[in-house]
Amino acid sequence: MVPGEDGHGGQRSLHGLPEVCSSGMLLLDQQARIVHVNREAEALLGVEAAELLDQDAHDRLHRDRHGHTIPRSSCPLQRAFHSSRPAQGQLGWYERGDGTLLPVCWFITPCRISAETDGAMVLFYPGAPDDGTAEQGRRAEVTLPELDRLALLAETTTSLTSTFDVHEALHRLTRLLVPRLADWAVIDLLTEGDEVWRAAVVHHEGERLVDRKDLQGPMPPLPQESVMPLSRALRGAASTLAVPETYQGPPDAGIAVAQRKLFEATGMHSAAIAPIRGVREVLGALTLGQAERAERFSDLPLLEDIARRAGLALENARLFQRQRRVTETMQRHLLPQLPREPRLEMAARYVAAPEASEVGGDWYDAFFLQDGRLAVATGDVLGHDADAAAAMAQVRNMLRAYAWSYQEPPSAIVDRLDQAVQHMTDASLATLVFARVESDTEGRQGGQVRWTNAGHPPPLLVTHDGRARFLDSVVDPLIGAGFPASRQDAAVDLPPLSTLVFYTDGLIESRGHSLGEGLDRLSEHAAALARRPLDTFCDLLLDRVRPTDNDDDVALLALRRPARTP
């Protein structure tokens with residue numbers, strides 16, 4: 001879904017995209033449909049945005065000087081769109097809401113309209129009617145550089161705000177600026193410990209961009225008294241220009257020495273340096289340098305505008321990563337440590353949903369009961385966010401309490417849990433498999449597993465010789481569904497060296513394949529991995545079975561009976 005899509009196939013708008021100056025702006029998706037219209041475009045065209053959204057831009061707007069629709073093959077804007085390259089037009093016509101024609105100068109550039117989707121941005125400005133007057137011709141000429149600036153600023157915003165990864169944001173920023181504005185782009189960031197880290201040094205060489213990792217890394221401390229341009233920018237001072245001679249005198253700090261080495265290594269004859277500011281603090285500095293081009297980069301207002309947009313994006317990315325660290329810690333505390341059981345080998349894995357905050361409703365558990373038997377469970381509470389994680393913790397802890405307090409079959413324990421969940425937790429719906437490890441039919445400890453299944457994907461039993469079968473003889477209603485049910489138990493003997501796999505649906509569900517195909521894939525790969533060490537078994541199973549388009553959490557718990565039971 002592109003940003004701002006309503007999810008119902010209807011109107012869409014990118015509310016996070018800023019209005020840029022006095023130019024009309026249209027954002028197009030991969031099919032050249034209009035997905036965003038700014039306020040100035042509405043005014044120029046005399047049409048409300050809602051009437052333009054989801055319309056084909058060419059069919060809806062483009063006309064020749066007589067008001068006729070232009071064949072796509074002869075439309076320069078269409079050719080530029082399909083070539084995925086920036087282009088501009090001196091004069092064209094758009095049809096306004098009242099049927100009149102608006103002469104426009106236009107600029108189109110590719111841009112990222114969401115984390116996964118590319119599109120294009122069209123900027124247009126009232127042009128001169130083709131009446132031959134010199135004054136009107138001059139007006140069309142002077143607006144084009146402004147359109148270039150506006151296109152770059154808008155593309156910077158859309159590109160940087162569509163990612164919460166700091167490294168990806170820096171990568172996108174340097175690719176936007178080099179070689180469009182400069183031969184070199186250098187980004188220095190202040191860490192949370194107020195240390196300076198040279199995070200990016202990118203150079204344009206021929207037809208490619210080169211990351212100079214040898215020039216990246218830790219920088220000397222930032223002195224408060226230094227008057228050198230980079231030091232001042234990192235303290236939040238206004239942007240400024242620098243040349244090699246700036247750093248040729250006696251250095252006032254180690255960071256000035258590092259800058260002198262940068263000029264020597266890159267061959268830059270001039271550089272413009274601007275602070276990267278977030279809402280709360282200075283985050284770093286952006287440097288654009290020229291080496292091959294003779295002219296200096298001196299458009300400091302443009303550089304400051306770019307740095308300001310970069311600062312907001314980087315601050316959001318840092319806040320997101322900080323939240324991820326908090327939630328990762330929360331998840332580690334929510335998921336249990338597996339107990340030591342000499343009669344069984346155990347391994348577990350948890351993988352968070354790609355778009356979630358690293359916590360969710362999927363879980364596994366293993367714990368001892370009063371009689372010394374081992375209980376195991378996997379479950380899935382609806383959702384994969386912090387609320388689901390909190391509900392999951394409630395369900396898991398209640399299951400532990402009932403299992404410890406009552407010496408009853410798994411089905412009876414889950415029935416108690418079902419009744420309690422409906423009245424005592426924040427969970428809406430949940431699935432789970434709850435099992436107890438017991439003696440097998442010949443009295444050997446750890447040789448049998450008795451389980452009950454409340455609407456959960458069936459466990460998979462894999463023997464040492466590579467045969468696999470799902471334990472799907474028992475599947476009762478979900479937890480919290482409110483259906484009266486007489487829950488059932490089932491039991492299976494574990495042959496020596498066999499592996500029993502409990503998992504959640506994120507391991508097998510895919511938007512592009514059926515559930516049956518996911519189960520078949522799990523069975524085939526688990527059978528092929530039957531003789532791998534258990535930790536390797538779990539890692540490879542996740543790597544080979546988990547769908548690439550998976551958007552759910554995955555919890556995995558595997559038990560393996562040793563060749564000899566103590």
Side-chain angles (χ1 to χ4, degrees), residues 338-349 364-369 371-379 403 409-411 413-414 432-454 456-476 487-505 507-508 516 518-545 554-566:
L338 297 180
R340 296 179 61 87
E341 168 54 80
R343 297 168 295 180
L344 287 173
E345 185 181 356
M346 287 185 284
R349 300 291 185 271
Y364 62 82
D365 202 359
F367 54 94
F368 287 112
L369 302 173
D371 58 9
R373 296 176 182 174
L374 180 71
V376 296
T378 53
S411 59
I413 299 299
V414 172
L432 68 85
V433 171
F434 177 55
R436 192 171 62 200
V437 180
E438 302 176 342
S439 302
D440 64 14
T441 53
E442 298 180 6
R444 292 172 295 193
Q445 292 295 317
Q448 186 183 78
V449 171
R450 182 175 298 276
W451 82 95
T452 190
N453 187 335
H456 199 74
L460 178 66
L461 178 62
V462 185
T463 59
H464 187 61
D465 60 2
R467 289 176 294 171
R469 67 183 179 97
F470 288 102
L471 307 182
D472 53 5
S473 60
V474 172
V475 181
D476 291 322
R487 298 188 180 275
Q488 309 170 71
D489 292 291
V492 64
D493 286 342
L494 299 183
L497 296 177
S498 63
T499 305
L500 184 58
V501 184
F502 301 88
Y503 55 94
T504 56
D505 55 10
L507 183 64
I508 55 173
L519 290 169
D520 290 342
R521 184 177 176 84
L522 171 60
S523 176
E524 292 170 2
H525 284 281
L529 298 169
R531 300 191 179 188
R532 294 295 188 100
L534 194 58
D535 282 321
T536 304
F537 175 92
C538 291
D539 291 334
L540 291 177
L541 205 61
L542 281 171
D543 182 63
R544 297 178 182 181
V545 177
V554 178
L556 174 68
L557 176 63
L559 311 180
R560 178 171 292 172
R561 185 183 180 189
R564 295 181 179 179
T565 303

Quick check: closest heavy atoms across A490 and V474, and the distance to 0.1 Å?
CB-CG2, 3.5 Å
Within the 4.5 Å heavy-atom criterion, are P339 and L374 side-chain neighbours or not?
yes
Residue pair V437 / R373, side-chain heavy-atom distance below 4.5 Å
no
Roughly how far apart are T536 OG1 and D543 CG, rounded to 0.5 Å?
12.0 Å
Could you tell me whether the side chain of D476 and the main chain of Q488 form a donor-acceptor pair under 3.5 Å?
yes
So among L541, D535, L557, V554, which one has a side-chain contact (heavy atoms from CB on, under 4.5 Å) with R349?
D535
Show your working on side-chain contact (heavy atoms from CB on, under 4.5 Å) between H456 and F502 and close with a plain yes or no.
CA-CA 10 Å; H456 199 74; F502 301 88; over 6 Å; no
Is a donor on one side and an acceptor on the other found under 3.5 Å between the side chain of T452 and the backbone of P410?
no
Does A526 offer a backbone N or O that forms a donor-acceptor pair with the side chain of R532 under 3.5 Å?
no
Heavy-atom check, side chain of R436 versus side chain of I413, under 4.5 Å
no
Compare every heavy atom of W451 with every heavy atom of S473, then report the nearest pair and how far apart it is.
OG-CZ2, 4.1 Å
With L494 as reference, evaluate Q448, R561, R343 under the side-chain contact (heavy atoms from CB on, under 4.5 Å) test and give the passing residue.
R561
To check you understand the geometry: which heavy-atom pair defines the closest contact between D489 and P409, and what is its length?
OD2-CB, 3.3 Å
Aromatic ring pairing F367/F434, orientation class (parallel under 30°, perpendicular over 60°, tilted between):
parallel
Can you tell me if D365 uses its side chain to pair, donor with acceptor, with the backbone of A377 under 3.5 Å?
no
Would you confirm whether H525, through its side chain, and L542, through its main-chain N or O, come within 3.5 Å as a donor-acceptor pair?
no
C538 SG to Y503 OH distance, which is reported to the nearest 0.5 Å:
14.0 Å
Stepwise side-chain contact (heavy atoms from CB on, under 4.5 Å) check, L556 with V501
CA-CA 7 Å; L556 174 68; V501 184; 3.4 Å; yes
Minimum heavy-atom distance A435-V449, with the two atoms named:
CB-CG1, 3.7 Å
For the atom pair CG (L534) and CD (E345), what is the distance rounded to the nearest 0.5 Å?
4.5 Å
State, to 0.1 Å, how close P459 and V433 come at their nearest heavy-atom pair, and which atoms those are.
CG-CG1, 4.0 Å
Please check this pair: side chain of S498 against backbone of V462, looking for a donor-acceptor N/O pair closer than 3.5 Å.
no
Geometric cation-pi criterion, R560 with F537: 6.0 Å, 45°:
yes
So L500 and L471, side-chain contact (heavy atoms from CB on, under 4.5 Å) or not? Walk me through it.
CA-CA 10 Å; L500 184 58; L471 307 182; 3.7 Å; yes
Nearest heavy-atom approach of T504 to A555 is OG1-N, 2.8 Å
Quick check for you: to the nearest 0.5 Å, what is the distance between H464 atom NE2 and R531 atom CZ?
4.0 Å
Roughly how far, to the nearest 0.5 Å, is the CG atom of N453 from the OG atom of S411?
12.0 Å
Taking atom CG of D465 and atom CG of L497, what is their separation to the nearest 0.5 Å?
10.5 Å
